[in-house]
Enquirer: 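What follows is a structure written as structure tokens; I'll ask about it next.
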Amino acid sequence: MARELWKGNEALAEAAVRAGAEAFFGYPITPQTELLEYMARRMPELGRTFLQAESEIAAIHMVYGAACAGVRALSSSSSPGISLMQEGLSYLAGSEVPCVLVDIMRGGPGLGNIQPSQSDYFQLTRSAGHGDFHPLVLAPSTVQEAVDLMYASFDLAFGWRTLVILAGDGTLGQMMEPVEMPPMRALAVERPDWALTGAAGRSPRVISSLYLDAAELEQSNLRLQAKLQQMAATQQRWESFCVEDADYLVVAFGTVARIAQSAVRAARRAGIRVGLFRPVTLWPYPRQPLDAICPQLRGVLVVEMNGGQMVEDVRCVVRERVPVRFLGHLGGVIPMPDEIEAELAQLVSLSGRAAFS
Amino acid sequence: METIYRRPALLADLPTHYCPGCGHGTVHRLVAETIEGLGIGSRTICVAPVGCAVLAYKYFVLDCCVAAHGRAPAMATGLKRVLPDRVIFTYQGDGDLASIGGNEILHAALRGEPITIIFVNNGVYGMTGGQMAPTTPLGMRTTSSPLGRDSQQQGYPIHLPELLAALPGVAYAARRSTHSVAEIRRARQAIQRAFTVQLRGLGLGIVELLGACPTNWQVTPVEALEFIEQVMLPVYPLGEFKVAAELGA
Amino acid sequence: MAQGTLLIQTDRCKGCGLCIRACPQQVLVAGQHFNALGYQPVQLDEALRRCTGCGVCAWVCPDLVFTVYRESAGRAG
């Protein structure tokens, strides 16, 4: 299939369509609005459901309703909208109803701005709503990867009966890149055995997150936790670059990883043996592969477009074995390769001193 | 012997958790009888609320889901959009629908979603123990309006069917009561109409039903019927505020 | 006047008394014993034999405890 130039937001939308999305509910918010606009044209053209909701709160509950019917439903938003959706995300998690959500992150807190950011890391991986759960969080770094992950996301969501969140930043949503689109999938005809369709010829089904009895709710939670542990063990995705002989490691996700890769290349030319580790799943965090690299390292640099969020996961894995430095930009400021190189040089000199002290 | 009345098969043969004299039991019965009478039980999906009726899914022998507080019309919208040939209804209380879910019901009505809203108004938040609701009559004491609801402080009671009747997307909007046999019969008819507009694709149908809450009104079940007559009815006139012309007489 | 009778699921009755108030024949009374729910369930005073099977009790009962029967004898067909 030919490679075509696609804008990130629109590419995500088309990939969702090709993955068999039957219903989209959303609300306009920069920098993800093109996804909604694309769906507004594309879904009716295919006889599928598109609806602009009155709020992000309503949008996610419409997704919840449609997903209760066993169809592939999704929504998309950006940081402040995700905050509003957290209520629905918790109910979806509590009742194990699968759906897909896109978060094209922007600067916060509050209204913040519409510039790219990665500051929803904690929100998505730790606190996507009240109660104990984690969504499966995928963080593409290119438009092609966004398309590929979106294409896989409904299978993951339905396979695990989980919420899948694609976390991109405003850069990814807005930039255009060549993309090879996957083929159009036929819509699923069969509905899952938990779906609400009207109790014709079978006993009624209930989808609820309510367990009034404490022991019963604990059991339900333990089931959910066991599933999450299984996901954590089997669903870690990552990519690494030049780590085989690396003394130093840069850890970055999403578009920042691409900038970091340029810096790693430049540092290599300058004689520093440095590699790049890029988590693709933010939850579950790819702890095992990162842990496996640690013994050879003398220092780690984490670069993020936030105040230092993923770095906490990195420190959990690295522990006190080697220094972990953090370079962060907030509020939509994008880190530049030369800054990363300078930080790397600092890390080298610091860990060098530590080694000789 | 001829059987004059038998409980509807669409209501599970279970004791309910409702207090003695609670209006929910009667409204559950009317909804179940209506769905049974229309022969649509096998293609009807109930969206239960948060509030006293949160356990409605235990009682209706139907596919059911439980929405977050106030979000039932949004959830029903999602269901109806992907299952247009199914019958979707929400069952909501006054705090759920008229307060926290105000935006969801307003916009579902604006869009004319062909869904049915069963709205039980007892003037208080029942489940949490009798706090002021948007429907609490002026002067009424509740645990969160201990001096009585004062319009200067807490605003005025909301008249939802009257408000929604003004919207073109609404095909049926009525208020009925459950305090007497005659009114219960009218309530049953109104519920039937609220489902019929959905079946005919005419738009959103909503019935507000005045129901007793003896526990939080702190009266006996029998006194609660008088409370409806004396306190609720003067604030909440009964009637049909919108009847789609296509529905006929 | 038609003769009716009632089957009352006394284990479900919460003793709210709405049926007693509504019964046009005044044949329903509060029971003296308590059921497992802790309420005094309604009873049909059989001695009065005035129940017509009108079904009003079933219309007002929030707990659906009544099944209502009426003698069909005397009707054609």
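Labels below follow one simple rule: chain letters A, B, ... track the order of the sequence lines, proteins then strands, and each chain is numbered from 1.
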Enquirer: What is the minimum heavy-atom distance between A:Met62 and B:Ala74, and which atoms define it?
Expert: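 Taking A:Met62 first and B:Ala74 second, the nearest heavy atoms are CG-O, 3.2 Å.
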Enquirer: Take B:Leu55 and A:Leu210, measure what side-chain contact (heavy atoms from CB on, under 4.5 Å) needs, and give me the verdict at the end.
Expert: CA-CA 9 Å; B:Leu55 295 175; A:Leu210 178 73; 3.6 Å; yes
Enquirer: Taking the side chain as everything from C-beta on, heavy atoms only, tell me whether B:Asp63 gets closer than 4.5 Å to A:Pro204.
Expert: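 B:Asp63 vs A:Pro204: side chains touch.
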Enquirer: How about OH on A:Tyr91, more than 12 heavy atoms from neighbouring residues, nucleotides or ligands closer than 6.0 Å, or not?
Expert: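 More than 12 heavy atoms, drawn from other residues, nucleotides or ligands, come within 6.0 Å of this atom.
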Enquirer: Let me confirm one number: the CG-CE distance from A:Leu196 to B:Met75, rounded to the nearest 0.5 Å.
Expert: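 Between A:Leu196 CG and B:Met75 CE, I get 7.5 Å after rounding to 0.5 Å.
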Enquirer: Check each atom of A:Arg202 against the heavy atoms of chain B and say whether the ones under 4.5 Å are side chain, backbone, both or neither.
Expert: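 When you check distances to chain B, only side chain atoms of A:Arg202 fall under 4.5 Å.
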Enquirer: Is chain A contacted by the side chain of B:Leu83, its backbone, both, or neither, given a heavy-atom distance below 4.5 Å?
Expert: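 Side chain only.
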Enquirer: So for B:Arg43, is it side chain, backbone, both, or neither that comes closer than 4.5 Å to the heavy atoms of chain A?
Expert: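 It is the backbone, since no side chain atom gets that close.
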Enquirer: Does A:Ile114 have more than 12 heavy atoms from other residues, nucleotides or ligands lying within 6.0 Å of its CD1?
Expert: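 For A:Ile114, atom CD1 is not crowded (no more than 12 foreign heavy atoms under 6.0 Å).
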Enquirer: Need one label for A:Glu54: side chain, backbone, both or neither, based on atoms under 4.5 Å from any heavy atom in chain B.
Expert: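 The answer is both parts of A:Glu54.
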Enquirer: Heavy-atom pairs under 4.5 Å with chain A: which of B:Ala108, B:Gly78, B:Pro73 has the most?
Expert: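 Option with the greatest count: B:Gly78.
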Enquirer: If you count heavy-atom pairs within less than 4.5 Å of chain B, which of A:Ala23, A:Ala58, A:Gly201 leads?
Expert: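 Maximum pair count with chain B is reached by A:Ala58.
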Enquirer: So, do A:Val206 and B:Cys65 sit near enough that their side-chain heavy atoms are less than 4.5 Å apart?
Expert: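 Sidechains of B:Cys65 and A:Val206: no contact.
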Enquirer: Closest approach of B:Ala68 and A:Glu87, non-hydrogen atoms and distance?
Expert: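 So the minimum-distance heavy-atom pair works out to CB-CD, 3.8 Å.
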Enquirer: Atom CD1 in B:Ile45, atom CD1 in A:Ile207: separation rounded to 0.5 Å?
Expert: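 So the CD1 of B:Ile45 and the CD1 of A:Ile207 are separated by 9.0 Å.
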Enquirer: NZ of B:Lys58: more than 12 outside heavy atoms within 6.0 angstrom?
Expert: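 No - once you tally the heavy atoms of other residues, nucleotides and ligands closer than 6.0 Å, there are 12 at most.
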Enquirer: B:Arg71 and A:Ile57: side-chain contact (heavy atoms from CB on, under 4.5 Å), yes or no, with the steps?
Expert: CA-CA 8 Å; B:Arg71 317 298 178 219; A:Ile57 298 174; 3.2 Å; yes
Enquirer: Name the region of A:Ser209, side chain, backbone, both or neither, that has any atom closer than 4.5 Å to a heavy atom of chain B.
Expert: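 Neither part; nothing is under 4.5 Å.
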Enquirer: Identify which part of A:Val63 has an atom lying under 4.5 Å from any heavy atom of chain B, answering side chain, backbone, both or neither.
Expert: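 Looking at A:Val63, nothing touches chain B.
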Enquirer: How far does CZ of A:Phe24 sit from CZ of B:Arg81, to the nearest 0.5 angstrom?
Expert: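 The distance works out to 14.0 Å.
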Enquirer: So what's closer than 4.5 Å to chain A heavy atoms on B:Ile40: side chain, backbone, both or neither?
Expert: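 Answer is neither: B:Ile40 stays 4.5 Å or more from chain A.
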Enquirer: So, taking the atom named OH in A:Tyr64 and the one named OG1 in B:Thr77, what distance separates them when rounded to the nearest 0.5 Å?
Expert: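 One finds 15.5 Å between OH of A:Tyr64 and OG1 of B:Thr77.
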Enquirer: Given a strict heavy-atom distance threshold of 4.5 Å, which part of B:Ala67 is in contact with chain A: side chain, backbone, both, or neither?
Expert: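 Answer is backbone: N, CA, C or O of B:Ala67 sit under 4.5 Å from chain A.
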Enquirer: For chain A, which of B:Thr44, B:Val50, B:Val47, B:Val61 has the most heavy-atom pairs under 4.5 Å?
Expert: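 Looking at each of B:Thr44, B:Val50, B:Val47, B:Val61 in turn, B:Val61 comes out on top.
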Enquirer: For the candidates B:Leu62, B:Val87, B:Leu106, which exhibits the highest count of non-hydrogen atom pairs separated by less than 4.5 Å from chain A?
Expert: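 Of the options given, most contacts go to B:Leu62.
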Enquirer: Does any backbone or side-chain atom of A:Leu51 lie under 4.5 Å from a heavy atom of chain B? Answer side chain, backbone, both or neither.
Expert: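 Side chain only.
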Enquirer: Which of the residues A:Val71, A:Thr197, A:Thr49 is involved in the greatest number of heavy-atom pairs with chain B at under 4.5 angstrom?
Expert: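 Ranked by contacts with chain B, first place is A:Thr197.
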